[in-house]
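A short write-up of the structure that comes next.
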Amino acid sequence: MELIITEKDNAARRIAEILSEGSASAERRNGVNVYRWGGKRVVGLSGHVVGVDFPPEYNDWRDVEPVELIDADVTKEATQENIVATLKHLARKAESAVIATDYDREGELIGKEAYELIRDVTDVPVSRVRFSSITEREVRGAFEDPDEIDFDLAAAGEARQIIDLVWGAALTRFLSLSARQLGDDFISVGRVQSPTLKLIVDREREIEAFDPEDYWEIFADLQKNGSGFEAQYFYDDDGSEAERIWDEAEAEAAYADLTSVDSATVTNVRRRTRTDSPPTPFNTTAFISAASSLGYSAQRAMSIAEELYTTGYMTYPRTDNTVYPDDLEEDALLDEFVGSPEFGEDAESLLEQDEIVATEGDEETTDHPPIHPTGEIPNKSELSEDEWEIFELVVRRFFATVAEAATWERLRVVSEAGGRSLKANGKRLVEPGYHAVYPYSSASENHVPDVEEGEELSISEVRLEDKQTQPPRRYGQSRLIETMEDLGLGTKATRHNTLEKLYDRGYIEGDPPRPTALANAVVEAAEDFADRVVSDEMTAQLERDMTRIANGEATLDEVADESREMLSQVFEELRNSSEEIGEHLQESLKADKTLGPCPQCGESMLVRRSRQGSYFVGCDGFPECRNTLPLPSSGEPLVLDEECEEHDMHHVKMLAGRDTFVHGCPRCEAEKADESEDEVIGPCPECRDGEGGELAIKHLRSGSRLVGCTRYPDCDYSLPLPRNGDIEVTDEFCEDHDLPELVIDPDSDDPWELGCPICNFEEYQARNAVQDLEDLNGVGSATAEKLEDAGVDSLDALREADADSIAGEVQGVSAGQVRDWQTELDA
DNA sequence: GCAAGGTC
């Protein structure tokens with residue numbers, strides 16, 4: 001038997017399909033798919049199935065000096081036990097094995113990891129095949145002419161693993177220990193995250209240091225036969241054209257000259273034709289940028305792309321490549337879209353071109369093809385709105401790359417008035433070219449009428465505008481990812497995760513992201529004592545070293561030892577500064593939790609955590625001052641920059657995944673609750689008989705509202721209400737529950753008919769259950785709804801359910817699948 | 001529990 005190993009299940013399935021000519025069947029073993037036909041088996045890994053770590057005696061942060069990690073052993077342990085077990089089981093029965101992981105450095109390392117797992121159980125021959133896209137021709141070609149594993153290239157990857165672990169773990173532990181932050185709130189640093197954070201911190205420093213300068217600009221409206229256009233005053237500044245006037249008196253003088261006359265004489269007209277080339281194929285970074293201009297965060301864009309990839313509508317979303325492979329037949333792919341209600345017309349018009357030639361970008365790599373549609377087209381109703389929008393973007397980008405260039409006509413008109421110069425630049429799209437199929441990039445025109453030299457134009461208005469230079473703009477998420485790519489920080493598959501990590505660690509907040517006080521302190525500490533770890537130079541050096549290892553010019557041990565030596569020097573510097581660094585970090589942590597002055601004693605009000613783990617706002621003067629304010633019970637509080645003017649208190653945001661919301665000023669929220677009175681709406685279903693309990697609309701000091709029993713705390717029956725909006729109690733009654741129907745924001749343009757609060761809560765729970773189920777692997781919205789209908793109304797219900805009876809009840813769901821979900825939930 | 005890199 002021959003065993004073929006790929007980097008992921010999806011690749012395993014497609015390779016089996018190609019090599020078996022469709023005859024392969026799938027079986028599951030330990031929850032891992034194995035594809036088989038004849039004497040072949042194909043199994044997909046899940047990226048790295050082993051990971052580097054220190055031996056267990058280094059686990060306790062308090063028992064081990066961080067500096068000891070520098071020379072600690074680094075071991076490899078299985079991280080995906082099921083897959084490792086399946087791989088070994090298959091290897092025992094194999095006569096030969098073929099490594100078919102991705103064709104890039106990390107793929108070579110993943111292949112070598114599989115090789116070592118095979119070697120643990122057998123010494124059968126192991127070969128390596130490489131292909132850049134999973135097409136019939138490439139895959140067959142690769143398997144006809146197998147190669148060997150490139151152990152040097154894999155060693156380059158291992159050097160990266162070791163260096164990242166040792167630097168990251170040692171410095172992370174050092175900072176966390178010095179600031180006494182050992183729980184979930186440790187203080188992390190790393191080769192990629194810290195230089196990325198420094199980009200954000202540096203930009204914020206520039207913004208803070210920015211000193212705006214006043215300047216003036218003058219605009220004039222010119223008229224030709226009733227058709228008006230705008231021209232701008234300019235002057236010669238040492239041979240180049242300048243529009244900004246830095247001196248107020250000079251600006252007034254120019255304005256006076258221009259207003260002293262009522263016409264301008266055209267002195268120069270220049271016409272030019274410009275071609276505007278279509279965009280290049282999408283790699284991950286370009287895709288994220290384009291999705292971001294449609295309003296998607298990097299994380300969201302990638303997760304939708306992942307979904308569209310696994311359902312088969314688009315190619316692999318993690319790629320550096322911007323050149324389509326030779327195998328891609330553009331016209332055949334366009335043909336697939338003919339007849340589609342949304343794309344048919346555009347596809348046909350593209351097919352009418354004399355020649356179909358795709359654009360090419362600068363990056364040509366072997367990893368995967370650029371992102372493009374597969375030709376499989378979903379019905380619009382199968383996808384969510386967001387999924388469809390992203391799918392359409394990918395389709396239209398492909399269309400654009402095979403479309404013709406656009407042509408613009410540019411017209412520049414210079415005129416003189418009162419001894420001063422005015423210019424106007426017009427542009428008109430003559431040939432729309434790719435813009436016709438790709439509406440995302442700007443194609444806005446600016447009309448300037450045709451005029452001749454010597455012509456007189458009347459001036460209808462002159463405006464003197466006073467302006468100020470602006471500070472540099474903050475990086476948005478996609479701009480950050482582009483900059484990371486330029487600097488070589490991270491990879492196509494990790495850059496968006498790095499940003500997410502910076503949010504999770506409390507280093508940045510908002511979009512565009514702004515650094516917290518903690519982030520500033522971490523970057524400052526690193527700049528002072530471990531400059532390399534906040535510099536992109538560390539990655540650049542590592543890349544050079546990895547190239548040397550891959551070329552056989554250096555060994556893994558040499559490179560790793562050299563790096564350990566540098567880290568030892570860093571720790572020499574750090575040794576005596578632990579206290580100083582720790583204090584600074586702690587002050588910053590406190591600053592990030594500070595809301596404003598305590599109205600009772602003048603100390604600061606801080607976000608704190610009770611023994612029970614819930615968050616509240618408490619005075620720093622505790623125990624002398626016992627002033628507190630409550631916070632909502634769900635989510636992690638984040639102190640925003642925005643302040644309440646009445647109380648000098650920062651607003652608070654509660655981070656809770658998709659239920660994140662802005663709580664606002666805790667004092668305002670508490671006062672609102674104090675001023676409101678409970679409004680009784682009907683009987684309490686729990687205790688109406690006997691105790692005669694009633695339900696009322698209540699406002700809590702933590703800012704939330706609910707329908708709860710008037711006998712609270714003797715009866716704790718309650719139903720949630722939305723956080724915001726006026727609540728109207730109507731005179732329509734729900735017959736099942738004897739309760740009035742409620743309307744939120746009745747006077748707004750879009751009132752929300754919430755209905756009976758009990759019915760509403762039941763629907764809400766069902767919806768939540770469906771959403772939770774959809775987050776499980778391989779559960780689409782249809783399956784989730786079927787599960788919910790079958791009584792699986794929460795994740796807990798699924799965890800405790802009997803797999804066989806669910807499989808019997810829900811069509812298209814097997815007991816094995818249910819058991820996989822249960823394993824996933826337990827993990 | 002630390003990193004960054006795969007993948008879901």
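Basis for what follows: all heavy atoms, side chains included, without hydrogens, waters or symmetry-related copies. So you know, we letter chains A, B, ... as the sequences are listed, proteins then strands, and number each from 1.
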Distance, rounded to the nearest Å, where [X] contributes [atom1] and [N] contributes [atom2]:
X	N	atom1	atom2	result
A:Glu113	B:dG6	CD	P	12 Å
A:Ile187	B:dA3	CD1	C1'	16 Å
A:Tyr316	B:dG6	OH	P	8 Å
A:Glu158	B:dA3	CD	P	20 Å
A:Arg13	B:dT7	CZ	C1'	15 Å
A:Lys112	B:dG6	NZ	P	17 Å

So, OP1 or OP2 of [N]: does either fall under 4.0 Å of a side-chain N or O from [X]?
X	N	answer
A:Arg495	B:dG6	no
A:Thr491	B:dA4	no
A:Gln80	B:dT7	no
A:Lys492	B:dG5	no
A:Gln161	B:dA3	no
A:Ser46	B:dG6	no
A:Arg318	B:dT7	yes

Listed nucleotide nearest any side-chain atom of [X], set [options]:
X	options	result
A:Arg191	B:dC8, B:dT7, B:dG5	B:dG5
A:Arg160	B:dC8, B:dG5, B:dC2	B:dG5
A:Ala169	B:dC8, B:dA3, B:dC2	B:dC2
A:Glu106	B:dG5, B:dA4, B:dC2	B:dG5
A:Arg173	B:dG5, B:dC2, B:dA3	B:dC2
A:Glu7	B:dA3, B:dG6, B:dC8	B:dG6
A:Val192	B:dC8, B:dA4, B:dG6	B:dA4

Does the side chain of [X] pick up a donor-acceptor pair with the side chain of [Y] at under 3.5 Å?
X	Y	value
A:Tyr316	A:Arg318	yes
A:Asn33	A:Asp9	yes
A:Gln181	A:Ser176	no

_Can you pull out the residues from residues 55-65 of chain A that lie within a 4.0 Å heavy-atom distance of DNA chain B?_
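Contacting residues: A:Asn59, A:Asp60, A:Trp61.
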
_Give the residues of residues 528-542 of chain A touching DNA chain B, defined as any heavy atom closer than 4.0 Å, sorted by residue number._
none

*Earlier contact from the 5' end, DNA chain B, for A:Asn10 and A:Gly190*: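 In this pair, the answer is A:Gly190.
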
*For A:Gly183 and for A:Leu45, locate the closest nucleotide of DNA chain B by heavy-atom distance; then report the residue assigned to the nucleotide nearer the 5' terminus.*
A:Gly183

Do [X] and [Y] have side chains that get closer than 4.5 Å, going by heavy atoms?
X	Y	value
A:Glu158	A:Gln161	yes
A:Ile371	A:Tyr309	no
A:Glu364	A:Thr322	no

_Base, sugar-phosphate or nothing for A:Asp184? Non-hydrogen atoms, less than 4.0 Å._
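Counting heavy atoms under 4.0 Å across all strands, no contact is made by A:Asp184.
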
*Scan A:Gly44 against the nucleic acid and name what it touches under 4.0 Å (heavy atoms): base, sugar-phosphate only, or nothing.*
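No contact at all - A:Gly44 keeps every heavy atom at 4.0 Å or more from the nucleic acid.
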
*Are any side-chain N or O atoms of A:Arg29 and backbone N or O atoms of A:His89, one a donor and one an acceptor, separated by less than 3.5 Å?*
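Pair absent, no side-chain N/O of A:Arg29 close to backbone of A:His89.
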
*Taking A:Thr516 for the side chain and A:Asp592 for the main chain, is one N or O donor matched with an acceptor at less than 3.5 Å?*
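No, the answer is negative, given that no donor and acceptor are paired below the 3.5 Å cut-off.
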
_A:Glu65 atom CD: more than 12 heavy-atom contacts under 6.0 Å_ = no

For residues 50-62 of chain A, please give each side-chain donor-acceptor pair under 3.5 Å, one per line with the distance, not counting sequence neighbours.
{"residue": "A:Asp60", "atom": "OD1", "partner": "A:Arg62", "partner atom": "N", "Å": "2.9"}

_I'd like to know if A:Asp9 reaches the base of B:dC8 with its side chain, counting only an N/O donor and acceptor under 3.5 Å._
no

